[in-house]
> 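One structure coming up, written as structure tokens, with questions to follow.
None of these values were measured; they are calculated from a predicted model. These values consider heavy atoms only, across backbone and side chains, with no hydrogens, waters or symmetry-generated copies.
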Amino acid sequence: MSTTIKLYGAKQSTCSQTVKVVAYEKGLNVDIIPCNFAVAEHKSAAWLEIQPFGQVPYLDEDGFKLYESRAMSRYLATKYADQGTQLLPDLTDLKAMALADQFMSVEASNFYPYTSGIAKEAIFAPMFGGKTNPEALEKHRSDLKAKLEGFERIFAKQDYLGGKEVGLADLYCLSMGVLAEKVFSDIFDDPAKPNVAR
């Protein structure tokens, strides 16, 4: 019996994009079921029963429902470890898994808050009728540039957050990293940080 994976969200949602990229790397077919934002479907009682925060996306795999993009991504990478790109080390290698967890935490603590802050201020606020707060935008840019010093030190020792190969932590960086780079085209292209730039 083949597995049906449905992702209830939106193509433009960065969190939906993350799960989609992981599924692609694992060679999985995922159907995106669009959320109807015009009628606030994500705030409906039926949606809130599955995703209590009224956010997108959530995953439904043959009746197993899961929300939070990092949890969905890790679930797919673990369940389908034997196919597609290896995004996690051998789950029985506790030290390798601890390092993978460390770098997933690095992304969540030292990358996402600043790239998502840039995207929120420069892209999402105007998109939804708000205004960009220039001071907040500059603070996120400045904070990200400072955090990239740490990434420079990491990438001086290894090619990816995942080590020698692309891992989940690297894929977690993609969607917000792309948006941050759309706002500040040179944010990752600092000559003083050649390992980040590559």
Side-chain angles (χ1 to χ4, degrees), residues 7-25 30 32 34-38 40 42-43 51 53-58 67-74 85 87 102-162 166-198:
L7 189 65
Y8 291 80
K11 285 193 290 189
Q12 69 272 28
S13 154
T14 55
C15 294
S16 296
Q17 290 168 7
T18 297
V19 177
K20 223 15 203 161
V21 166
V22 170
Y24 174 83
E25 289 294 327
V30 174
I32 293 186
C35 172
N36 188 343
F37 291 103
H42 59 302
K43 303 299 183 186
Q51 211 302 355
F53 301 100
Q55 299 167 333
V56 297
Y58 74 83
Y67 60 90
E68 290 301 321
S69 61
R70 287 174 179 82
M72 290 181 265
S73 297
R74 183 154 179 166
T85 305
L87 298 174
Q102 171 182 273
F103 288 115
M104 285 186 273
S105 292
V106 163
E107 180 278 333
S109 301
N110 297 290
F111 189 80
Y112 182 82
Y114 311 106
T115 54
S116 66
I118 289 168
K120 176 186 171 209
E121 288 299 334
I123 298 171
F124 300 136
M127 183 185 299
F128 294 108
K131 293 185 178 181
T132 297
N133 177 330
E135 293 81 21
L137 179 61
E138 177 52 31
K139 175 90 168 91
H140 291 304
R141 187 198 67 76
S142 174
D143 289 347
L144 177 59
K145 287 195 72 81
K147 293 294 182 177
L148 289 175
E149 295 290 341
F151 283 89
E152 177 65 19
R153 288 187 283 276
I154 291 167
F155 292 138
K157 297 177 186 174
Q158 60 195 56
D159 293 335
Y160 302 96
L161 289 176
V166 169
L168 272 183
D170 301 288
L171 298 185
Y172 291 168
C173 292
L174 280 179
S175 60
M176 282 300 176
V178 166
L179 292 184
E181 193 170 38
K182 281 184 179 181
V183 176
F184 297 111
S185 62
D186 63 345
I187 192 78
F188 303 116
D189 212 12
D190 182 345
K193 299 180 189 75
N195 295 302
V196 168
R198 65 173 165 79

> Tell me if the aromatic rings of Phe111 and Phe151 count as close, with their centers under 6.0 Å from one another.
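Between Phe151 and Phe111, which both carry aromatic rings, the centre distance is below 6.0 Å.
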> For Lys139 and Asp143: C-alpha separation, side-chain torsions, deciding distance, then whether side chain to side chain contact (heavy atoms under 4.5 Å, CB included) applies.
CA-CA 6 Å; Lys139 175 90 168 91; Asp143 289 347; 2.9 Å; yes
> Can you confirm whether more than 12 heavy atoms, excluding those of Lys20, are under 6.0 Å from its NZ atom?
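Yes, NZ of Lys20 has more than 12 neighbouring heavy atoms, counting only those of other groups under 6.0 Å.
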> Kindly state each residue pair satisfying salt bridge (Lys or Arg N to Asp or Glu O under 4.0 Å) with at least one member in residues 172-182, sequence neighbours excluded.
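Checked against salt bridge (Lys or Arg N to Asp or Glu O under 4.0 Å) - neighbours excluded - no pair reaches residues 172-182.
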> When you measure from the side chain of Thr18 to the backbone N and O of Thr14, does any donor-acceptor pair fall under 3.5 Å?
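The answer is yes, because a donor-acceptor pair under 3.5 Å joins these two groups.
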> For Glu135 and Glu138, indicate whether the former's side chain and the latter's backbone hold a donor-acceptor pair under 3.5 Å.
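A pair under 3.5 Å: no.
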> Verify side chain to side chain contact (heavy atoms under 4.5 Å, CB included) between Asp189 and Phe184, making sure each step is shown before the conclusion.
CA-CA 10 Å; Asp189 212 12; Phe184 297 111; over 6 Å; no
> With rounding to the nearest 0.5 Å, note down the distance linking NZ in Lys43 to SG in Cys35.
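Those atoms lie 9.5 Å apart.
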> Kindly check if the number of other-residue, nucleotide or ligand heavy atoms within 6.0 Å of CZ (Phe37) is above 12?
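Yes.
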> With a 4.5 Å limit on heavy-atom distance, are the side chains of Phe128 and Lys120 in contact?
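They are not in side-chain contact.
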> Just verifying a value: how many Å separate Leu7 CG and Ser13 OG, rounded to the nearest 0.5 Å?
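Rounded to the nearest 0.5 Å, the CG-OG separation comes out at 8.0 Å.
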> Which residue is it: Val22, Val21, Leu87? I am looking for the one with a side-chain contact (heavy atoms from CB on, under 4.5 Å) to Ser73.
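In the set Val22, Val21, Leu87, the residue that makes a side-chain contact (heavy atoms from CB on, under 4.5 Å) with Ser73 is Val22.
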> May I have the step-by-step check of side chain to side chain contact (heavy atoms under 4.5 Å, CB included) for Ile118 and Glu121, ending in yes or no?
CA-CA 5 Å; Ile118 289 168; Glu121 288 299 334; over 6 Å; no
> Gln17 side chain to Lys11 main-chain N or O, any donor-acceptor pair under 3.5 Å?
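Checked: pair present.
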> Is the number of heavy atoms from other residues, nucleotides or ligands under 6.0 Å of Lys193 NZ greater than 12?
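Counting neighbours around NZ of Lys193, more than 12 heavy atoms of other residues, nucleotides or ligands fall under 6.0 Å, so yes.
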> Given 3.5 Å as the limit, does a donor-acceptor pair link the side chain of Arg141 with the main chain of Val183, or not?
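Between the backbone of Val183 and the side chain of Arg141 there is no qualifying donor-acceptor contact (under 3.5 Å).
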> Return the minimal non-hydrogen interatomic distance between Pro126 and Ile123, and the atom names on each side.
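Shortest heavy-atom separation between Pro126 and Ile123 comes out as CD-O, 3.4 Å.
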> Could you give the distance from OG (Ser116) to CZ (Phe124), rounded to the nearest 0.5 Å?
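Answer rounded to 0.5 Å: 8.5 Å.
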> Quick one: list whatever passes side-chain hydrogen bond (donor to acceptor under 3.5 Å, both in side chains) with Asp170, sequence neighbours left out.
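With neighbours one apart ignored, the set is empty.
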> Once you round to the nearest 0.5 Å, how far does SG of Cys15 lie from OH of Tyr67?
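So the gap between those two atoms works out to 14.0 Å.
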> For residues 106-115, pull every pair meeting side chain to side chain donor-acceptor pair (under 3.5 Å), keeping only residues two or more places apart or in separate chains.
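Pairs touching residues 106-115 that pass the test: Arg70-Glu107, Asn110-Lys147.
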> Yes or no on side chain to side chain contact (heavy atoms under 4.5 Å, CB included) for Phe155 and Arg198, after CA distance, side-chain angles and deciding distance?
CA-CA 9 Å; Phe155 292 138; Arg198 65 173 165 79; 3.7 Å; yes
> Hey, is the main chain of Tyr58 close enough, under 3.5 Å, to the side chain of Gln51 for a donor-acceptor pair?
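No; zero donor-acceptor contacts below 3.5 Å.
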